Amino acid sequence: MVRDPLRRFVSEWEHVVRGATWKGASLICNGHAATEAELPPCFRRNWINVTLHDFIECSTNLGINRQTRMLANLSIVGCYNTSTSDLTYDARHYLMLASAKENLRNMAFFGLTGHQELSQILFEKTFNLNFITKFKDTPPNKTWSGRVILSNVQRDKILHLNRFDVMLYQYARDLFFQRLQMLAERRKDSSLRNFIHTSLIKY
């Protein structure tokens with residue numbers, strides 16, 4: 001499931017505020033774990049009650065462009081070791097973005113968190129399976145991240161930091177609706193076409 005980068009980042013901040021650390025997670029790439037020198041920690045014990053400002057300002061915060069990183073083949077950029085590479089920050093991330101797009105494109109299915117109903121339809125039609133319960137879209141203002149009021153400065157800063165996730169999400173959104181439209185045409189399903197059209201207008 002791919003999520004709107006702004007809300008995903010804010011949601012992760014809120015999760016960290018409540019005590020999440022992911023200390024037990026293993027960052028393995030090419031059979032080796034990332035070292036502290038490669039990824040200096042943003043905190044030592046926990047980051048409970050971290051301010052949004054401090055969460056944004058930690059340059060090694062793995063929440064930044066998380067979706068691109070987690071979908072990409074990191075071995076093409078030397079994993080987490082940036083000291084031996086002559087790639088600039090942007091050049092490195094453009095390579096990761098291209099890899100993430102390719103991996104997403106090669107997946108039999110992916111959905112969008114903001115389009116639960118359409119994601120369910122695409123899943124069911126792709127795998128010829130039916131869920132017992134119908135998914136429902138949650139209005140943004142009903143989510144934890146949606147209730148956070150951001151200043152224009154904060155919003156612009158988050159979007160800039162997560163610009164590769166923004167580009168990935170734009171690609172994912174376009175590919176998602178292309179797949180749905182192809183599905184509707186193949187099945188000659190006018191009700192699905194109308195639902196997709198309505199969703200695109202609301203988007």
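Source: prediction; values computed, not measured.
Annotation: side chain of F55 is not in contact with side chain of V17 (no heavy-atom distance under 4.5 Å). Contact annotation: the side chain of F164 never approaches that of R92 to less than 4.5 Å [non-hydrogen atoms, C-beta and beyond]. No side-chain heavy atom of Y89 sits under 4.5 Å from any side-chain heavy atom of T82. For the pair K101 and L104, the minimum side-chain heavy-atom distance is 4.5 Å or more. Counting heavy atoms from C-beta on, the side chains of R179 and L183 never come closer than 4.5 Å.
Taking each heavy atom of F9 and I56 in turn, the nearest pair found is CE2-CG1, 3.9 Å. T60 approaches P40 most closely through the heavy-atom pair OG1-O, 2.5 Å. Here the closest heavy-atom approach between residue G111 and residue F176 is recorded as CA-CE1, 4.0 Å. Across every non-hydrogen atom of E57 and K157, the tightest pair is OE2-CE, 3.6 Å. Across all non-hydrogen atoms, the minimal contact from S59 to I64 is O-CD1, 4.4 Å. Contact record, A91 with L87: CB-CD2, 4.1 Å, taken as the closest heavy-atom pair.
Pairs passing the disulfide bond (SG atoms under 2.5 Å apart) check and including a residue from residues 80-116, sequence neighbours excluded, do not occur.
Distance alone, capped at 3.5 Å, places no donor-acceptor pair between the N162 side chain and the L6 backbone. Checked by atom type and distance alone, the side chain of R8 never pairs as donor or acceptor with a backbone atom of V2 at under 3.5 Å. Listed for the R163 side chain is a donor-acceptor partner under 3.5 Å among the backbone atoms of H160. Side-chain atoms of Q67 come within 3.5 Å of backbone N or O of R3 as a donor-acceptor pair. Although no hydrogens or angles enter the test, the distance criterion places a donor-acceptor pair under 3.5 Å between the side chain of W13 and the main chain of V50. Checked by atom type and distance alone, the side chain of S99 never pairs as donor or acceptor with a backbone atom of L95 at under 3.5 Å.
If you take CZ on R45 and CD1 on I48, they are separated by 9.5 Å, rounding to the nearest 0.5 Å. Considering CZ of R7 and OH of Y169, their distance stands at 12.0 Å, rounded to 0.5 Å. Atoms CG and CG, from N81 and N30 in turn, are 11.5 Å apart once rounded to the nearest 0.5 Å. Taking OG of S119 as the reference point, atom CZ of F135 lies at 8.0 Å (rounded to 0.5 Å). Taking CG of N73 as the start and SG of C29 as the end, the distance is 7.0 Å to the nearest 0.5 Å. Taking NE2 of H93 as the start and CG of N65 as the end, the distance is 5.0 Å to the nearest 0.5 Å.
Within 6.0 Å of the CZ atom in R155, the count of heavy atoms belonging to other residues, nucleotides or ligands does not exceed 12. Within 6.0 Å of CG on D174 lie more than 12 heavy atoms contributed by other residues, nucleotides or ligands. Dense packing is recorded around CE of M107, with more than 12 heavy atoms of other residues, nucleotides or ligands lying under 6.0 Å away.
M1 and V10 sit in two unconnected hydrophobic clusters of ILVMFWY residues. Membership requires side-chain heavy atoms under 4.5 Å apart, directly or through other members. If you chain together hydrophobic residues whose side chains sit under 4.5 Å apart, L180 and F110 fall into the same group. Note on L71: it clusters hydrophobically with F109, by side-chain heavy-atom contacts below 4.5 Å among ILVMFWY residues. In the hydrophobic clustering of ILVMFWY residues, with side-chain heavy atoms under 4.5 Å counting as a link, L62 and L168 come out apart. Residues L74 and M70 do not share a hydrophobic cluster, defined by chaining ILVMFWY side chains whose heavy atoms lie under 4.5 Å apart.
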Contacts under 3.5 angstrom, residues 121-134 side chains, donor-acceptor by atom type, not counting sequence neighbours:
from: E124; atom 1: OE2; to: Q120; atom 2: NE2; distance (Å): 3.1
from: E124; atom 1: OE2; to: F131; atom 2: N; distance (Å): 2.9
from: T126; atom 1: OG1; to: L122; atom 2: O; distance (Å): 2.5

task: Could you walk me through whether L118 and L112 pass the side-chain contact (heavy atoms from CB on, under 4.5 Å) test, one step at a time?
output: CA-CA 8 Å; L118 286 173; L112 300 180; over 6 Å; no

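Qualifying side chain to side chain donor-acceptor pair (under 3.5 Å) partners for N103, counting only residues two or more places apart in sequence or in other chains: none.
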